[in-house]
Amino acid sequence: MRDLPKIYNAKEVEDKIYNLWEEKGLFSAKVSQEKEPYSIVIPPPNITGILHMGHALNNTIQDILIRYKRMQGCEALWMPGTDHAGIATQNVVERKLLKGGKKRHDLGRKEFLDEVWKWREEYGGVIIKQLKFLGASCDWKRERFTMDEGLSGAVVEAFIRLYKKGLIYRGNYIINWCPRCQTALSDEEVEHRDVDGHLYYIKYAIKDSNEYITVATTRPETMLGDTAIAVNPTDKKYKNLIGGVVILPILNRELKVIADNMIDSKFGTGAVKVTPAHDPNDFQMGKKHGLEELNIMHPDGTLNKNAGDFEGMDRFEAREALLEVLSEKKLIEKVEPHKHAIGHCYRCHTIVEPYLSKQWFVKMKPLAEPAIKAVEDNRIKFYPKRWRKVYLDWMYGIRDWCISRQIWWGHRIPVYYCGKCQGIMVSKVSPEKCPDCGATDIVQDPDVLDTWFSSWLWPFSTFGWPFDQTADNKGRGKGEDKEKDISTQSEEFKYFYPTACLVTAQEIIFFWVARMIMAGLEFCDEIPFRDVYIHGTVRDKTGTKMSKSLGNTIDPLEIIKEYGTDALRFSIISITAAGQDVFLSKERFESGRNFSNKLWNVSRFLMLNLKSDISGDFADIKMEGLPLADRWLLTAFCNTAESVTKSLDSYRFNDAANMIHDFLWHKYCDWYVEISKASIKNEQTQLILYNVLKASLQLLHPVMPFITEEIWQVLDGREPIMISSWPKPHKRLIDTQANDYMEKIIAIITAIRNIRAEMNIPHKLKIDVLVKSNDNVLMSFSEEIKIYAGRVSGVENILIAKDIKQPKASASNILDFCQIYVPLQGKVDIVTEKARLNKNLVESERLVSRLLKKLGNNSFIDKAPKEIVEQEKQKELVLMAKITRIKETIENLT
RNA sequence: GGGCGGUUAGUUCAGUUGGUUAGAACGCCUGUUUUACACACAGGAGGUCGUAGGUUCGACUCCUACACCGCCCACCA
C-alpha cells in the first residue's frame, strides 16, 4: 500500500484511471458463451452536440447499469456512437458558410457535403471525448456513426424492404414545412407552443348582392389561396347560401359556398374560408369537394405569383399588408385576441407552415400493430410504468410518417426516376437504364431521409444488420475492419440482441423508442430491448428546462472541473428519484464533492493505520469472540449490499446511491472508524476496516467509478475494481442480535453526548456514567460499552446494573430501555434539568395518549391483525414504564 | 379539449404493496482545531404531509372532487 496525497486531485486521477481502463481493454465486450450477455445501445448523441446535464444524467445511468452488470459477471456491452443529425448539422455548417458569405447552393451538393464531412471530422467527436470525461465505459472500438457505410446500407435495405411491402408511398399532401430550413418535417418534429394571436373576422361579398358573409381566420394571408367557403349543412343562418358564390376580397376570384359537417357552427361566425393548399383540414375538405389546391407560397415562406400584389413578400409581412388593404376597404368586421397553439420547427424554432408538397411516407399502422402487442404482452416493460400508457395511446392513434427531407446532409433516398417514361426505380445503386423503356436518362431523388429513419435501426444496424448482404455489410465506415466476416457479426447479433435496457428521456419516446420497437419487430422479428427506463428531464431550479438559448444551463464540464466527475455523477443520481424531473442548481453538486472528500480522507486514515502488508478477505474474519461493534458493522454492511443490489435491479438509482452514502459516512466513518481507533492495532479490526471499505467501494463503483478505482488500486491493486466481483452478503457475517444491541449502545452514547452538550461539559473533562437497566444481555456487553463510550463520548467509568439509585446532583436521560445518570456535583442546575426531563415527559405522554386511544377502540382490537395489536400493547407498556421513571427522576432531583 | 406528473421541515426532495415516534441533504442555532476529513465532528431547533369529503379498526400512503404549479398530446378555423 502506498500513501494517498492529502488532497484528492480529481482531474489527475480521472485521466490516469480512464487510461488504465482503456489500456487494459476493460470496456470491450465479446461473444462469450459462458457469460450472460447484458447490452445497452447508447442513444447516439448528435455530432453537433456538446455535453449538457441531460446527457450527463442519461449516460451516468447507463454507465451505472453497465458497470453493475459487468461486476455481476455479465458480458456487458455498451454500444456507443453518434447520430448525423441531418437538419441540425446542416444548419450548423450552413451558418458557418454564411460567415464567409456563402450559401449551400453556391457550393453545390457535392462540395457542400464535403464541407459537412470536414466539419464532422473536426468537431463530430467532441461529444465522444466528453462522454469519456464522464467516465462512460463504452466499448469504443465498436463506435458507430449513422452515416457509416454499414449503417447507410442498413438504411437503404430498410427502405427497399418497406417499399416492396407497399409500406412506403409517395404523394402530394399537406405536410409541416419549415420555411427557414426549407424542408418537410414529420409531425413529431413540430413543437406546439401557445401564442397570443388574433382572430380576424373578414367580410366576403356575396355575388350579385349587397350583403357579406363573414369568416374568421387566424392566418388572413392564406385567404389569397382560398378556393371555397364552407358552412355546416345544418346551419340555418347560411342555409340559402349553400351552392352560392362569394367574391374573394382583393383578388376578386369567385368562391363556391360548400356545406361540410366538419364545420362547427358555434365557432367564429360558423363560416370558414377553405384553403386546401395551406391547411390540413381544408385539404381534406378540398379532396372531398373537388376543390382547386392553390399554392400561394414559395418554399422560403414568401408569397408567389398567385398572391397578386403581395408576391415576393414574406408570409408575415404579407399578413400585415393584407390587413391594411382589407381595413381600407372596410372588410374587417372585428379582430379578437385569440390564444392558440402554433407549430414551430424543433431545430430552428421558426413557425412551421402547413404546406402542400410531394413527399415520401411510411404507412405506420401495419408496423404499429406488433409493436403495440409487444408492450401489451409485457415483452417490453416501461419504467416507470406510466409511460406504457403514453406509448400505447400514441401508437393506437399513429399517423403516417413523412420521411423525405429537402436537405442534403443525410441518407439519399434510394429512388431513381426515368427521365423519359417517368418510371420509378427503387434500388441500392443507380440503375444503368430504365427497365421499362430502356432510357439511360436516370436521376436519383434529390431528397434525403429523416434522421430518425436511420436511428430507428440503431439497435441492430450497429450489430451489422442486414446479414444477408455482402456489399453493405462491411462494418464501420472508413477503412476499419473491412475484412470482418459476416458470420461473426451475426453471432454478435444473436448474442447481444435484443438489448437489455434502453435508457432515455421522455421527449424521445415517439421519435425514437416507439419507432425502434417497430423496426426491431419488422426487420428482425424480435423486440430491440426488454426494458425502457425513462428518466426525468433536467431543469433549472425554477423548473424551466435547461437550454442553451435560455442561458440557464449548468455546464457539466465545469462541474467536473471544479468538483470532479464522481461528484457530478453522485449528486445527479442521488437527487433523481425514478422518473421524476431533476431540478438543479450548482450548490447541489457540493454533496457529491463532500462525499468524495470524505471517502478520500477515510481511506487516507486507513493507509496511515493499517499494516502495509494487509491481505485477507471476509473469509479470514473470525466471528468467534468478535466484539459487538464489529458484528454490527458487518451486519449493516450485508444489509446495505443487499438493499443496494435490489435498488439497482429495480432502477432505483437514487436509493442505491443514498444507501451507500449513509452506510459509508454515518455507519462506517462516524461510528465504526471512531470506535475502532481504540483497537486499531488489532488484526481483526484491521481486517474488517479493510474489507468493509473495499466492498463498499465496490458497491459505490458504478456511481463513482474514478475515486473508487483509485482508492482500490492503493488498497488492493491486484485487479481493477471495475472488473471485480459484485459483493454478496455473507450469512456468516450477519448477527441480528448484535446489531440490535449495538443500536441500543449507540442510543446510550448519543444520550450521554446530549447530556454533555446541554450541560456544557468541556470536551477534555472525563465523566462517569451510571446506566440502570434490567437487560442482562446489555449488561453482558459492559466491557465493550465502556470502551466505545470512553472512546467517543469521553466517559471514564460506566456502570450498568439493575439496582442503581439515582445519584444526587446528576443529569439524566431516560430511554425506552434504560436510565442514564451522569453525576455532576455542583454543575447541575435543577431548573434546567427539570425542563429537560419535562420535555421528554411531555413527548412520551403525547405518544401514550395516542396509543391509549387506539387500544381503547374495540374495533381496533377486534379487526386489526393480532401482531399489530400486540405490538401496540408492547409500546404502551414500554412508554408507561418510561413515564413513571421520568416522573421519579424529576421527583428525586434535589 | 384529452392525458400525465407534482403539492411532505426555511429550501430541494425521499417515503416501493395502508400499521415508523414521518426521513435525508442543504440551510439555521449551540459547541469543538478530539492524532482522516471545517468539503469535518458532536448536539439541537424545525412538519396538524395542498384543501374538502370518503373508504378503513387505522390514511402521507387507497378513492372522489377542488385549487395551484409543471409537462405531454390534440387539424376548432
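Throughout, a chain's letter reflects where its sequence line sits, starting with A, and its residues are numbered from 1.
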Taking the [atom1] atom of each, how far is [N] from [M], in whole Å?
N     : M     : atom1 : result
B/G44 : B/C4  : P     : 45 Å
B/U34 : B/C41 : C1'   : 8 Å
B/A74 : B/U16 : C1'   : 34 Å
B/A59 : B/G2  : P     : 33 Å
B/A14 : B/A52 : P     : 24 Å
B/G27 : B/A9  : C1'   : 11 Å
B/G47 : B/G54 : C1'   : 25 Å
B/G46 : B/G10 : C1'   : 8 Å

Could you report the tightest heavy-atom contact between [X] and [Y], atom names first, then the distance?
X        : Y        : answer
A/Cys402 : A/Ala184 : SG-CB, 4.0 Å
A/Leu599 : A/Ile711 : O-CD1, 3.9 Å
A/Arg219 : A/Asp279 : NH2-OD2, 3.6 Å
A/Lys586 : A/Tyr563 : O-CE1, 4.2 Å

Ring centres under 6.0 angstrom apart ([X], [Y]):
X        : Y        : result
A/Phe570 : A/Phe595 : yes
A/Phe382 : A/Trp387 : no
A/His535 : A/Phe653 : no

> Which parts of residues 660-673 of chain A get close to RNA chain B, meaning a heavy atom less than 4.0 angstrom away?
Replying inline: A/Trp665, A/His666, A/Cys669, A/Asp670, A/Val673

[X] near the nucleic acid: base, sugar-phosphate alone, or nothing, with a heavy-atom cut-off under 4.0 Å?
X        : result
A/Ser844 : nothing
A/Arg593 : base
A/Arg850 : sugar-phosphate
A/Phe510 : sugar-phosphate
A/Asp264 : base
A/Lys839 : sugar-phosphate
A/Pro354 : nothing

Is [X] near enough to [N] that one of its side-chain N or O atoms lies under 4.0 angstrom from OP1 or OP2?
X        : N     : answer
A/Lys677 : B/U34 : no
A/Asn754 : B/G44 : yes
A/Lys646 : B/U16 : no

>> Is there a side-chain contact between A/Tyr8 and A/Asn597 in this structure, where contact means two heavy atoms from C-beta onward sitting under 4.5 Å apart?
In response: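 The answer is no; the side chains never approach within 4.5 Å.
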
Pairs of donor and acceptor atoms involving the side chains of residues 269-276 of chain A, under 3.5 Å and at least two apart or interchain, shall be tabulated with distances.
from, atom 1, to, atom 2, distance (Å)
A/Thr269, OG1, A/Thr214, O, 2.5
A/Thr269, OG1, A/Ala271, N, 3.2
A/Thr269, OG1, A/Ala271, O, 3.4
A/Lys273, NZ, A/Thr222, OG1, 2.7
A/Lys273, NZ, A/Asp226, OD1, 3.0
A/Lys273, NZ, A/Thr275, OG1, 2.9
A/Thr275, OG1, A/Asp226, OD1, 2.7

>> Distance check, rounded to the nearest 0.5 Å: A/Asp670 atom CG versus A/Leu664 atom CG?
In response: 11.0 Å

[options]: which one has an atom nearest the side-chain heavy atoms of [X]?
X        : options             : answer
A/Ser859 : B/G43, B/C57, B/C76 : B/C57
A/Thr218 : B/A74, B/A77, B/A36 : B/A77
A/Asp655 : B/G44, B/A14, B/A74 : B/A14
A/Arg399 : B/A74, B/G43, B/C37 : B/A74
A/Asp816 : B/A36, B/U21, B/G19 : B/U21
A/Lys389 : B/A36, B/C57, B/C4  : B/C4
A/Thr217 : B/G43, B/A77, B/C57 : B/A77
A/Lys875 : B/U20, B/C39, B/C37 : B/U20
A/Arg386 : B/G19, B/A14, B/G5  : B/G5
A/Gln871 : B/C76, B/G19, B/A36 : B/G19

Spacing between [X] atom [atom1] and [N] atom [atom2], to the nearest angstrom:
X        : N     : atom1 : atom2 : result
A/Lys866 : B/C57 : NZ    : C1'   : 16 Å
A/Ile559 : B/C39 : CD1   : P     : 17 Å
A/His763 : B/G43 : NE2   : P     : 12 Å
A/Leu610 : B/A36 : CG    : P     : 13 Å
A/Ile509 : B/C72 : CD1   : P     : 12 Å
A/Asn594 : B/A24 : CG    : P     : 17 Å
A/Gln506 : B/G5  : CD    : C1'   : 10 Å
A/Arg753 : B/G43 : CZ    : P     : 5 Å

>> Taking donor-acceptor contacts at under 3.5 Å, does the side chain of A/Arg652 reach the base of B/U16?
In response: yes

> Is a donor-acceptor contact shorter than 3.5 angstrom present between the side chain of A/Glu674 and the base of B/A36?
Replying inline: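 In this structure, the two groups form a donor-acceptor pair.
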
> Could A/Lys287 and A/Tyr173 be counted as a cation-pi pair, given that NZ or CZ must be under 6.0 Å from the ring centre and within 45° of the axis?
Replying inline: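 No cation-pi geometry.
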
